[in-house]
Structure formats: structure tokens, C-alpha cells
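First up is the structure itself, then whatever we jot down about it.
Owing to the predicted nature of the structure, the values given are computational and were not obtained by experimental measurement.
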Amino acid sequence: PAVFSEYMTTLDAVCDADKSLRRNFPNNAFAGVTFNLGPRTVTYPHLDQANLATGMCCVTALGDFDYRRGGHLILWDLGLVIQVPPGATYLIPSAILVHSNVDIGEKETRMSITQYSAGHLFSWVRGGMTSLSNVKQSGGSVESGEIRWKRGMDLLRQWTAPVGRR
């Protein structure tokens, strides 16, 4: 909920500052969307380095494929391979976890809709609708990367095991 709120507040500020901008979808928190129309959308291991490092990327898998045999999400840093059926949506911190997906069968189709927000968008809003380099050049102070990282991590909900189950 806190990450969603951060995204909504940031995108609200950008849209309020420039009335010519429109959200991709009503009540959506993500600034960007990519339609990967296949017919066999496959990604190689990568990071989405422009996305907000402490944020999430939203991916919806579409198509007609056997998710038990292909189309799996691979989170390389975590050593995980996850089945993703058509119609499923997942959120990942795509700027900090190397990820890809497995190919599908020759006569199958796989597409995806990916939603994200660039990290610079958040910096722009925090900088008063200008770049952090402009803030620095005009003598303003800019938070360190460490402070921005901690603030972002504080937005993530943490679970603790019930007493007696640790």
C-alpha cells in the first residue's frame, strides 16, 4: 500500500503540473506501459535500470500457451523459476533483480503488458519539478542515494513470523 501511494502521489503531481499528460489507464499508478504483442514474447536476462530501484514493475502474461512447459518467469538472483499462466499478473522489483522468461512452444502465443515508472520521475517531483542536477546547480541540497534507498525500503511492508514459529 505504501509503494502504491508513493507511485500515485508522484504521478498525480506530474499530471497536475502538466495538464496535457494523461494516465495510461484510470486510477493507475504506473507512468509507463509497454505492450509486447508477440506472437512469442521472450525476454533475455536483464535489469530495467531506469525503473525506480525501490519500486515495482507490473507484468501481465497473455496468450495461449502451456504455462507448465514454457513462459516461466526466472528471477536469476534468487534462483527461482516461477510458472506464470496466461492472464496472471505479477509485481517484481525489475530494476534490482535480473529477470527473464522461458520460451514457449512453436505453435503457442505469449504476449505481455508491462507497467513501470522511471526512477527519474520520482526525483523530478522531489526536486520541485526539475532535475536533481538543476537543484544541485542552484545550490539546493539533494538527499544521498543511501537516504533515498532507505526511504524506498521503508515503504515495503515487512512480515514477521508469529510468536513460536521463528
Side-chain angles (χ1 to χ4, degrees), residues 1-11 14 22-126 132 143-162 165-166:
V3 173
F4 174 80
S5 179
E6 177 80 0
Y7 272 60
M8 285 295 280
T9 301
T10 299
L11 192 53
V14 170
R22 301 281 181 264
R23 290 176 188 275
N24 295 313
F25 307 105
N27 301 314
N28 188 3
F30 294 101
V33 62
T34 300
F35 297 91
N36 301 299
L37 301 178
R40 292 176 59 201
T41 299
V42 177
T43 61
Y44 296 101
H46 69 283
L47 290 170
D48 299 313
Q49 295 174 333
N51 290 355
L52 182 64
T54 57
M56 295 290 161
C57 176
C58 178
V59 180
T60 301
L62 303 168
D64 183 14
F65 61 95
D66 183 349
Y67 70 92
R68 294 166 301 227
R69 301 184 75 197
H72 301 63
L73 167 66
I74 303 174
L75 299 176
W76 293 90
D77 302 304
L78 303 178
L80 295 174
V81 178
I82 303 166
Q83 292 180 343
V84 180
T89 297
Y90 57 88
L91 296 162
I92 60 169
S94 65
I96 61 171
L97 286 181
V98 176
H99 56 284
S100 64
N101 66 289
V102 174
D103 199 2
I104 57 171
E106 199 173 302
K107 296 186 185 215
E108 296 178 319
T109 59
R110 183 185 181 281
M111 298 161 281
S112 66
I113 299 172
T114 305
Q115 299 178 78
Y116 48 90
S117 291
H120 287 293
L121 190 64
F122 297 84
S123 297
W124 180 266
V125 171
R126 279 192 217 109
L132 294 183
E143 294 175 322
S144 70
E146 184 177 328
I147 290 172
R148 290 192 311 268
W149 177 260
K150 180 172 180 352
R151 185 181 344 96
M153 288 292 100
D154 287 345
L155 295 176
L156 298 173
R157 187 174 278 179
Q158 295 182 12
W159 291 273
T160 56
R165 296 202 174 182
R166 294 182 183 187

Checklist entry - Pairs in or reaching into residues 54-97: which pass ring-ring contact (aromatic ring centres under 6.0 Å, His included), with residues at least two apart or in two chains? => result none
Next on the checklist: Side chains of Gln115 and Asn24: any donor to acceptor distance under 3.5 Å?
Outcome noted: no
Item to check | Any donor-acceptor pair under 3.5 Å from Tyr7 side chain to Met56 backbone | outcome: yes
Checklist entry - Where do Glu108 and Arg68 land on the salt bridge (charged side-chain N to carboxylate O under 4.0 Å, His left out) test, with the steps shown first? => result CA-CA 13 Å; Glu108 296 178 319; Arg68 294 166 301 227; over 6 Å; no
Checklist entry - Taking all non-hydrogen atoms of both residues, which atom of Ala29 and which atom of Ser117 are closest, and how far apart? => result O-OG, 3.9 Å
Checklist outcome for this item: Given the options Met153, Lys150, Glu6, Thr54 meets side-chain contact (heavy atoms from CB on, under 4.5 Å) only with Met153
Item to check | Heavy-atom closest contact (Leu91 atom, Cys58 atom, distance) | outcome: CD2-CB, 3.5 Å
Next on the checklist: Quick check: closest heavy atoms across Val98 and Pro45, and the distance to 0.1 Å?
Outcome noted: CG1-CB, 3.8 Å
Checklist entry - Hey, does Leu73 have a side-chain heavy atom less than 4.5 Å from the side chain of Val81? => result no
Item to check | Asp77-His99 side chain donor-acceptor pair, cut-off 3.5 Å | outcome: no
Item to check | Any pair counted as salt bridge (charged side-chain N to carboxylate O under 4.0 Å, His left out), so long as it reaches residues 93-103, sequence neighbours left out | outcome: Arg40-Asp103
Checklist entry - Stepwise, does the side-chain contact (heavy atoms from CB on, under 4.5 Å) test hold for Cys57 with Thr114? => result CA-CA 7 Å; Cys57 176; Thr114 305; 3.4 Å; yes
Checklist entry - Short question: side chain of Ser5, backbone of Ala2 - any donor-acceptor pair under 3.5 Å? => result no
Checklist entry - Given Ile82 and Leu75, is the side-chain contact (heavy atoms from CB on, under 4.5 Å) satisfied, shown in steps? => result CA-CA 8 Å; Ile82 303 166; Leu75 299 176; 4.0 Å; yes
Checklist entry - Measuring from Arg148:CZ to Leu52:CG, what's the distance to the nearest 0.5 Å? => result 10.0 Å
Item to check | Check: Ser112/Asn36 side-chain N/O donor and acceptor closer than 3.5 Å | outcome: yes
Next on the checklist: Checking Val33 against Ile113 for the side-chain contact (heavy atoms from CB on, under 4.5 Å) test, could you report, in this order, the C-alpha distance in whole Å, the side-chain angles of both residues, the deciding distance, and whether it holds?
Outcome noted: CA-CA 7 Å; Val33 62; Ile113 299 172; 3.7 Å; yes
Checklist entry - To the nearest 0.5 Å, what is the distance between CD1 (Ile104) and CG (Asp66)? => result 10.5 Å
Item to check | Point-to-point distance, once rounded to the nearest 0.5 Å, from CG of Leu78 to CD1 of Ile92 | outcome: 10.0 Å
Checklist entry - Which atom pair, heavy atoms only, marks the closest approach of Ala95 to Asn51? => result CB-O, 3.6 Å
Item to check | Least distance between heavy atoms, Leu121 atom then Thr10 atom | outcome: O-CG2, 4.0 Å
Item to check | Criterion ring pair (Phe, Tyr, Trp, His ring centres under 6.0 Å) on Phe25 and Phe30, from CA distance to verdict | outcome: CA-CA 9 Å; Phe25 307 105; Phe30 294 101; 9.9 Å; no
Checklist entry - Do you know the tightest heavy-atom contact between Val84 and Gly71? => result CB-O, 4.2 Å
Checklist entry - Is a donor on one side and an acceptor on the other found under 3.5 Å between the side chain of His46 and the backbone of Tyr44? => result yes
Checklist entry - Can you tell me how far the CE atom of Met8 sits from the CZ atom of Arg23, to the nearest 0.5 Å? => result 4.5 Å
Next on the checklist: Would the distance check show the side chain of Thr109 and the main-chain N or O of Asp64 forming a donor-acceptor pair, the cut-off being under 3.5 Å?
Outcome noted: yes
Checklist entry - When you look at Thr34 and Tyr116, which way does the side-chain contact (heavy atoms from CB on, under 4.5 Å) test go after all the steps? => result CA-CA 9 Å; Thr34 300; Tyr116 48 90; 3.0 Å; yes
